[in-house]
Amino acid sequence: MPPTSIKNNAAATMYRPEIDGLRALAVTSVILFHAGFSSFSGGFIGVDVFFVISGYLITRILMSEMRSGEFSLLNFYERRARRILPALLFVLLACIPIAWVNYRPVIFDDYIKDTISVVIFISNFRFWLTRGYFEADADLNPLIHTWSLAVEEQYYLFFPILLLIIYRRALPRLPLLLALLALASLALAEILSVTAPQANFYLLPTRIWEFVAGALCNFLVAPSSRWRREVLAAIGLLTVLASFALFNDQDRFPALISVFPVGATALVIGCGGRDTIVGRLLAWRPFVWIGLISYSAYLWHQPLFVAARERGVDPGEGWHGPLLIAFTFALAYLSWRFVEQPFRTPSKGGRRRNLRTLGAIALACLVVLVASRVQREFRTAQEQAYLASLIGERRDFYRFLQRHQAREANGRIDDGACVFSTDRIHAEFVARFKACSKTKGRRAIIILGDSHGIDVFNALASSSGPDVFLVGVVRGGCRVHDARPTCFYDEFLDFLATHRRDVAHVYYHQSGSYFLADRAGRVDSSRAFAGPDEYRFADSGAAEVAGYLRRLATFAPTTWIGPLYEARINFGPWLTHDALKFNPYALTAIRRLDDRLGARFAASPGGFDYLSVIETLNPLTPALVHGDCLIASDMDHLSRCGEKIVGPMLWPLLSQAR
């Protein structure tokens with residue numbers, strides 16, 4: 001498809017129902033992916049399809065207005081506000097009272113922070129810094145999908161200005177300049193897919209090329225031959241559909257490999273007009289109808305799926321999925337009909353009235369958010385509301401959980417002296433470390449790792465003697481092989497090199513579930529523990545961890561503490577005391593993982609040691625209740641009393657390792 005002159009105004013403003021059909025495929029793939037259907041392991045690529053479509057349509061509209069002299073940035077942003085905000089704020093407002101009743105106060109705090117980030121379109125930054133899109137707990141985050149809305153709106157902030165500048169000063173070179181921008185963005189995506197995969201997934205710079213791929217469809221002409229357009233459109237559509245089934249979250253994305261679905265979407269847009277079989281198929285009325293309500297469907301589906309999971313219902317199993325998906329589209333139609341449409345197509349003379357209403361909705365949403373953020377003043381009321389929603393045995397069970405799931409309330413152990421932890425290497429930490437090195441007259445034992453490292457640190461700290469110099473460098477989500485920008489591994493390496501004489505031993509520990517994947521290739525997935533043959537070993541991260549530990553071992557004795565058992569049951573209020581047992585499939589999977597890691601790394605001459613603790617912890621299984629202690633705080637962490645039980649079991653093993 002060679003570059004040519006810009007298409008005429010009629011073509012630029014002509015409605016293409018087949019684009020709505022393409023939207024239908026995109027939103028359906030995302031919904032099925034979030035529902036957990038393994039045959040749609042690449043369904044998240046539907047978002048990339050949306051980006052290409054958006055790039056195409058927005059550029060077409062902008063170019064039409066620039067040619068006619070009617071372009072206005074203010075009008076453009078006002079249209080975007082009418083298109084995006086009403087349905088978004090409506091869904092957010094509808095979800096807040098539900099979250100108020102159903103979430104524990106600590107979880108509700110996080111939810112409100114997420115909601116605020118969604119309203120101001122920076123949720124992609126928040127999720128980049130706090131959680132991965134493919135992590136297990138993402139299935140329980142009702143707003144995780146809004147990252148794409150933030151990316152899209154950020155693109156709309158700069159692209160019209162860029163396009164206007166190029167249009168006025170370098171119109172003949174516009175396609176070339178856009179192509180260069182796309183290539184630069186794609187090259188950055190390929191690099192960051194290896195060096196910073198989470199930033200690569202969430203942030204705009206590595207997604208620009210997908211929008212621009214759609215934009216370039218406005219400057220390319222399809223072959224004049226009908227059969228060539230038929231073949232290219234069919235190849236494009238089949239490639240898009242195959243991507244939904246063949247990709248999974250272990251693929252580096254976006255990167256060079258994502259050229260296939262993105263390029264295929266551009267082929268469908270460029271060659272799949274209404275005179276082709278593909279175009280007529282996509283313009284089929286049911287597809288168009290789903291495409292029209294796709295935005296509302298995209299907003300509603302994840303909150304509904306999370307609400308179901310919170311009540312112990314798996315959208316990917318049995319009849320639950322089809323029913324929830326049907327409910328999603330029902331809600332989507334209602335919000336499209338009664339929220340989206342009145343704002344998107346205001347009657348003549350009514351635009352000012354609609355904007356006033358939109359402003360009122362936005363203000364109401366912000367007022368609710370601000371009020372909700374003053375959470376400390378409302379904790380008692382929320383707790384009472386949550387308890388009121390439970391009855392009988394469920395209420396008793398929740399109170400039992402309140403008494404025993406003390407992880408969030410108690411946090412990290414700090415004795416005020418030389419048993420302490422940090423989540424980053426900063427001046428205060430270094431100063432305290434140096435002071436303890438002098439006062440203790442002995443070298444430090446350092447625990448390094450993620451939230452499971454916090455478990456191990458607390459367990460050891462809770463049963464340590466008065467002379468112990470114990471330091472934790474630990475943070476939730478911080479693992480060597482998928483470290484976030486806020487993690488500390490590079491800084492810790494420098495710290496250890498500087499303070500090696502004051503360190504007796506470094507013990508690394510992380511969640512074992514990040515070395516186990518489900519059938520779709522997703523690590524830390526509850527589906528990996530749903531049956532005896534559901535898990536797969538994901539070895540790629542282990543080699544990266546081993547490489548890092550060998551670097552640490554050049555400065556201080558280093559040991560990798562093998563995985564602890566994980567409960568892997570969802571502690572929802574529907575459970576009973578009798579169900580408080582480790583998931584038997586998780587016990588088997590983690591035991592076999594430990595065997596595998598031990599066989600690979602137990603003998604590491606000149607490097608680190610591998611310490612298996614599984615056999616020592618066997619007496620803790622299968623029951624989760626020991627005496628008056630529920631040893632787990634959630635599906636994979638220890639409670640405070642559980643830490644006190646595990647600590648005395650670990651100290652003798654660490655003494656042997658030293």
Trainee: Check the pair L32 / I325 against side-chain contact (heavy atoms from CB on, under 4.5 Å), numbers first and verdict last.
Mentor: CA-CA 8 Å; L32 292 173; I325 291 171; 3.6 Å; yes

Trainee: Using distance alone, with no hydrogens and no angle criterion, decide if Y156 and E152 have a side-chain donor and acceptor under 3.5 Å apart.
Mentor: yes

Trainee: Examine the side chains of H452 and D455 and answer whether a donor and an acceptor come within less than 3.5 Å of each other.
Mentor: no

Trainee: Going by atom type alone, with no hydrogens or angles, which donor-acceptor pairs under 3.5 Å involve a side-chain atom of residues 209-217 and a protein atom two or more places apart or on another chain?
Mentor:
residue, atom, partner, partner atom, Å
W209, NE1, T206, O, 3.2
E210, OE1, R207, NH1, 3.4
E210, OE2, R207, NH1, 3.4

Trainee: For a quick test of reading the model, state the closest non-hydrogen atom pair linking F33 to G43 and the distance between them.
Mentor: CB-CA, 3.7 Å

Trainee: Do the side chains of S123 and L143 get nearer than 4.5 Å, heavy atoms only?
Mentor: no

Trainee: Quick one: does S185's side chain have a donor or acceptor within less than 3.5 Å of a partner on P205's backbone?
Mentor: yes

Trainee: Would you indicate whether the side-chain heavy atoms of V47 and V30 approach each other to under 4.5 Å?
Mentor: yes

Trainee: CG/D450 to CZ/R475 distance, rounded to the nearest 0.5 angstrom?
Mentor: 12.5 Å

Trainee: Working to the nearest 0.5 angstrom, can you tell me the gap between T115 OG1 and I120 CD1?
Mentor: 11.5 Å

Trainee: Let's go through Y133 and F127 carefully: what are the C-alpha distance in whole Å and the side-chain angles of both, what is the deciding distance for ring-ring contact (aromatic ring centres under 6.0 Å, His included) to 0.1 Å, and is it a yes or a no?
Mentor: CA-CA 8 Å; Y133 184 76; F127 297 140; 8.9 Å; no

Trainee: Using 0.5 Å steps for rounding, measure from the CG atom of D48 to the OG atom of S29.
Mentor: 9.5 Å

Trainee: Is it the case that the ring center of H481 lies less than 6.0 angstrom away from the ring center of F515?
Mentor: yes

Trainee: Using only heavy-atom distances, determine whether the side chains of S296 and S335 contain a donor-acceptor pair under 3.5 Å.
Mentor: yes

Trainee: Could you walk me through whether F159 and L164 pass the side-chain contact (heavy atoms from CB on, under 4.5 Å) check?
Mentor: CA-CA 8 Å; F159 183 73; L164 181 62; over 6 Å; no

Trainee: Kindly assign one of parallel, tilted or perpendicular to the pair F429 and H426, based on the angle between their ring planes and the thresholds 30° and 60°.
Mentor: perpendicular

Trainee: Distance-only, no hydrogens or angles: does the S421 side chain make a donor-acceptor pair with backbone N or O of V473 under 3.5 Å?
Mentor: no

Trainee: Can you tell if the side chain of F244 reaches within under 4.5 Å of the side chain of F44, non-hydrogen atoms only?
Mentor: no

Trainee: Taking the side chain from Y295 and the backbone from W336, do they hold a donor-acceptor pair closer than 3.5 Å?
Mentor: no

Trainee: In terms of ring plane angle, is the pair W147 and F201 parallel, tilted or perpendicular, where the classes change at 30° and 60°?
Mentor: tilted

Trainee: Does the side chain of F158 reach to within under 4.5 Å of the side chain of L163, using non-hydrogen atoms?
Mentor: no

Trainee: For I425, is there any backbone N or O sitting under 3.5 Å from a side-chain donor or acceptor partner on T422?
Mentor: no

Trainee: For N458 and I413, work out which heavy atoms get closest and say how close.
Mentor: OD1-N, 3.0 Å

Trainee: Return yes if some donor-acceptor pair links the side-chain N/O of D20 with the main-chain N/O of I290 below 3.5 Å, else return no.
Mentor: no

Trainee: Under a 3.5 Å cutoff, is there a donor and acceptor pairing between the side chains of E566 and S511?
Mentor: yes

Trainee: Has the side chain of S54 got a donor or acceptor atom that lies under 3.5 Å from a matching backbone atom of F51?
Mentor: no

Trainee: Using side-chain contact (heavy atoms from CB on, under 4.5 Å), reason through T146 and F121 one step at a time and then give a plain yes or no.
Mentor: CA-CA 8 Å; T146 61; F121 295 108; over 6 Å; no

Trainee: Should the ring pair F305 and H301 be called parallel, tilted or perpendicular, given that the plane angle runs from 0 to 90° and is split at 30 and 60?
Mentor: perpendicular

Trainee: Should Y298 and V91 count as side-chain neighbours, where that means a heavy-atom distance under 4.5 Å?
Mentor: no

Trainee: Checking side-chain polar atoms at under 3.5 Å, does H145 have a donor or acceptor matched by the opposite partner on H34?
Mentor: no

Trainee: Would you call L88 and R83 a side-chain contact if the rule is heavy atoms closer than 4.5 Å?
Mentor: no

Trainee: Going by the angle between their ring planes, with limits at 30° and 60°, are W300 and F90 parallel, tilted or perpendicular?
Mentor: perpendicular

Trainee: After noting the C-alpha distance and the side-chain angles of L25 and V240, does the key distance pass the side-chain contact (heavy atoms from CB on, under 4.5 Å) rule?
Mentor: CA-CA 9 Å; L25 296 181; V240 169; 5.6 Å; no

Trainee: Under 4.0 Å between a side-chain nitrogen and a carboxylate oxygen: does that hold for R80 and E153?
Mentor: yes

Trainee: From L203 CG over to I208 CD1, what is the distance, rounded to the nearest 0.5 angstrom?
Mentor: 10.5 Å

Trainee: Answer whether the closest heavy-atom distance between the side chains of I31 and Q302 falls below 4.5 Å.
Mentor: no

Trainee: If only side-chain N and O atoms count, and only distance matters, is there a donor-acceptor pair under 3.5 Å linking S513 with D524?
Mentor: yes

Trainee: Let me confirm one number: the CG-CD distance from L292 to E340, rounded to the nearest 0.5 Å.
Mentor: 9.5 Å

Trainee: Search all heavy atoms of A26 against all heavy atoms of G46 and return the closest pair with its distance.
Mentor: CB-O, 3.4 Å

Trainee: What closest approach, in Å, do F37 and G321 show between heavy atoms, and which atom pair accounts for it?
Mentor: CZ-CA, 4.4 Å

Trainee: Looking only at side-chain N and O atoms, does R252 offer a donor or acceptor that is under 3.5 Å from a partner on S193?
Mentor: yes

Trainee: Quick one: do the Q154 and N124 side chains pair a donor with an acceptor below 3.5 Å?
Mentor: yes

Trainee: Take atom OH in Y333; do more than 12 heavy atoms of anything else shown fall under 6.0 Å from it?
Mentor: no

Trainee: Heavy atoms only: give me the nearest I45-P261 pair and the separation to one decimal.
Mentor: CG2-CB, 3.6 Å

Trainee: Working to the nearest 0.5 Å, report the span between CZ of F492 and SG of C487.
Mentor: 13.5 Å

Trainee: Determine the minimum heavy-atom distance between F457 and G472, stating which atoms define it.
Mentor: CE1-N, 3.4 Å

Trainee: Is S258 reaching over with its side chain to a backbone N or O of A255, donor-acceptor style, under 3.5 angstrom?
Mentor: yes

Trainee: Start with the C-alpha distance between F495 and F488, add both sets of side-chain angles, then the distance that settles ring-ring contact (aromatic ring centres under 6.0 Å, His included), and finish with yes or no.
Mentor: CA-CA 10 Å; F495 168 84; F488 41 67; over 10 Å; no

Trainee: Is the shortest heavy-atom distance from the side chain of K113 to the side chain of I116 under 4.5 Å?
Mentor: no

